[in-house]
Amino acid sequence: MPNKEMLLIPGPTPVVDEIYAALSQETMSHTDLRFAAIFKKALAETKKMYNTDGEVFVIAGSGTLSMEMALINTVAPGDKILIVSHGYFGDRFIGVAQALGLKAEVLQSAWGKPVTPEEIETKLQEGGFKAVTVTHVDTSTGVVSDLNKLVPAVKKYGVLFILDGVCASAALEEDMSREFGGHPEYKIDVVFTASQKAIGVPPGLAIVAFGPKALEARKKLEKVGAYYADIMNWLHIMREPNIYFATHPINMIYAYAKGMDIISSEGYPARYVRHTAIGKAIRAALRVYGMQILADEADAAPTMSCVIYPQCVDDVKFRSDLAQKGLIVAGALGTLAGKGFRIGHMGNTSNQTLIKALAYIGEALQEQGLTVNVDNAVRTFEREFAETVKG
Ligand SMILES: *Cc1c(COP(=O)(O)O)cnc(C)c1O
């Protein structure tokens with residue numbers, strides 16, 4: 001067991017032993033056909049995860065490179081896009097758009113609330129938008145976007161739908177072949193993630209999927225202002241990964257292939273249900289401690305939560321007490337800094353780990369003089385989990 005700590009931040013997430021073992025396999029040549037076979041299998045599994053007949057790209061980088069690739073390959077400098085932002089990571093697209101010379105308009109929700117489909121439609125009715133970006137789960141607020149509402153609201157206007165799945169892919173369904181609202185044109189066009197969130201592999205890979213409409217958009221652009229991030233340079237490489245364009249992160253691909261194997265063995269529907277159940281269970285258990293969840297229950301993400309302390313909890317002491325016990329959680333961001341914390345509950349994090357974390361959280365609150373019932377919180381977690389899985 002290499003893990004000595006419980007890393008329950010919203011990414012990187014806990015890495016299981018099999019993935020560490022894969023990571024430390026002997027490094028092969030990047031043009032070795034045995035390596036190419038491992039990579040091809042992982043790419044096929046990635047296509048399955050997104051259920052796409054388009055193209056997937058897995059390259060060295062982080063989620064931010066994925067964001068950049070999504071935009072630079074679909075829209076040109078001067079084009080108008082709409083950024084739907086539910087917090088810090090939605091806002092990150094503003095910086096990306098500025099760097100690429102795009103005209104970005106932004107719809108920002110109040111923290112903890114989602115942007116409504118009506119607001120999006122009102123904006124798109126102004127016309128001239130080429131793409132809309134939506135964050136599936138915003139890692140600052142724990143708000144999940146309702147794709148059933150947002151995809152039709154965007155696609156009605158013939159605009160590309162770009163989905164940031166960094167805190168969602170492999171935990172929430174992102175089916176690129178799905179016809180939302182029963183309409184053949186209402187589909188997700190681009191979705192992307194990184195290796196270190198719900199996939200449960202160490203950080204280091206950008207994972208991007210382009211559907212047919214997005215690939216058409218790239219072809220229409222001809223040249224783009226990037227070399228490494230230009231998907232046209234990677235298209236044939238992703239089909240034949242032994243061909244050289246830029247050196248693959250060999251060991252990370254071993255780890256990713258193992259990560260995708262684990263996901264495939266669990267099965268996508270089971271993995272999605274498990275995350276939904278964990279989200280409900282952890283939120284219910286934290287409420288037993290007098291904590292509040294920033295997002296309303298209907299908008300709360302299955303993968304991570306932004307949690308508000310009861311009054312008079314000292315944030316620094318709370319999180320350092322937890323760290324001493326071996327539990328790492330993240331601070332709240334923006335105006336919530338000091339008032340709450342963020343906890344990741346995604347990927348290959350086990351229920352056992354989460355139950356242990358709940359006990360530590362209860363103890364840390366007791367150390368600050370609060371009267372809390374750890375057994376009750378743990379029982380609530382177990383009950384809510386079982387009930388949700390049962391359906
Ligand atoms: C983590 C995250 C990112 C950024 O990913 P990096 O790997 O840190 O570059 C982008 N979007 C969301 C929703 C995230 O959670």
Side-chain angles (χ1 to χ4, degrees), residues 7-15 50 57-72 81 83-97 99-100 104 106 108-109 111-112 114-115 132-147 150 161-174 188 190-209 226 228-229 249 252 255-256 259 275 279 294-295 299-306 328-334 336 341-347 349:
L7 187 59
L8 300 190
I9 59 173
T13 59
V15 175
Y50 291 132
F57 305 87
V58 178
I59 69 177
S62 82
T64 306
L65 175 65
S66 303
M67 296 172 84
E68 199 160 309
M69 285 173 74
L71 284 180
I72 209 164
I81 66 160
I83 295 168
V84 175
S85 177
H86 296 150
Y88 181 88
F89 285 102
D91 287 352
R92 173 162 287 200
F93 265 122
I94 301 170
V96 177
L100 301 183
V106 189
Q108 272 160 325
S109 61
W111 268 46
V115 172
V132 175
T133 67
V134 172
T135 315
H136 201 170
V137 171
D138 202 297
T139 317
S140 57
T141 57
V143 166
V144 62
S145 295
D146 185 347
L147 298 182
L150 299 195
F161 190 97
I162 297 175
L163 185 65
D164 176 345
V166 180
C167 202
S169 300
L172 280 80
E173 185 181 280
E174 291 166 330
I188 301 164
V190 179
V191 58
F192 58 82
T193 187
S195 48
Q196 78 274 22
K197 306 241 173 146
I199 294 174
V201 167
L205 296 176
I207 299 140
V208 189
Y228 187 79
M252 279 304 298
Y256 181 67
H275 279 88
L294 175 66
D299 306 317
T303 47
M304 54 82 51
S305 302
C306 181
I328 314 296
V329 296
L333 298 174
L336 292 172
F341 70 104
R342 293 174 304 138
I343 182 166
H345 34 82
M346 68 184 120
T349 307

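Order of listing sets the numbers, starting from 1, for every ligand and every atom in it.
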Numbered atoms and elements of ligand 1 in range of [X], under 4.0 angstrom, heavy atoms:
{"X": "Cys167", "result": "15 (O)"}
{"X": "Ser62", "result": "6 (P), 7 (O), 9 (O)"}
{"X": "Thr139", "result": "12 (C), 13 (C), 14 (C), 15 (O)"}
{"X": "Val137", "result": "13 (C)"}
{"X": "Lys197", "result": "1 (C), 2 (C), 3 (C), 14 (C), 15 (O)"}

Would you confirm whether [X], through its side chain, and [Y], through its main-chain N or O, come within 3.5 Å as a donor-acceptor pair?
{"X": "Asp299", "Y": "Val143", "value": "no"}
{"X": "Ser85", "Y": "Asp91", "value": "yes"}
{"X": "Thr141", "Y": "His86", "value": "yes"}
{"X": "Thr135", "Y": "Asp164", "value": "no"}

Protein heavy atom at shortest distance from atom 11 (N) of ligand 1
Asp164 OD2, 2.7 Å
Look at atom 4 (C) of ligand 1 and say which protein heavy atom is nearest, naming residue and atom and giving the distance to 0.1 Å.
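The protein heavy atom lying closest is Phe89 CE2, 3.6 Å.
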Which atoms form the tightest heavy-atom contact between [X] and [Y], and what is the distance?
{"X": "Cys167", "Y": "Met304", "result": "SG-CG, 3.7 Å"}
{"X": "Gly63", "Y": "Ala194", "result": "N-CB, 3.5 Å"}
{"X": "Leu65", "Y": "Ala229", "result": "CD1-CB, 4.2 Å"}

Heavy atom of [X] under 4.0 Å from ligand 1?
{"X": "Gln196", "answer": "yes"}
{"X": "Asp138", "answer": "no"}
{"X": "Leu65", "answer": "no"}

Nearest 0.5 Å please: distance from the CE atom of Met346 over to the CG atom of Leu8.
9.5 Å
Proximity winner for atom 6 (P) of ligand 1, if only heavy atoms of Gly63, Ser66, Ala194 are counted
Gly63
Test of proximity, Thr64 against ligand 1: N or O pairs below 3.5 Å
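Yes; the residue has a nitrogen or oxygen that sits under 3.5 Å from a nitrogen or oxygen of the ligand.
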Compute the shortest N/O to N/O distance between Thr135 and ligand 1 and return yes if it is under 3.5 Å, no if not.
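No, since none of the N or O atoms of Thr135 sits under 3.5 Å from an N or O of ligand 1.
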Distance only, no hydrogens: is a donor on one side chain within 3.5 Å (strictly under) of an acceptor on the other, for Thr64 and Arg92?
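Present: a donor and an acceptor within the cut-off.
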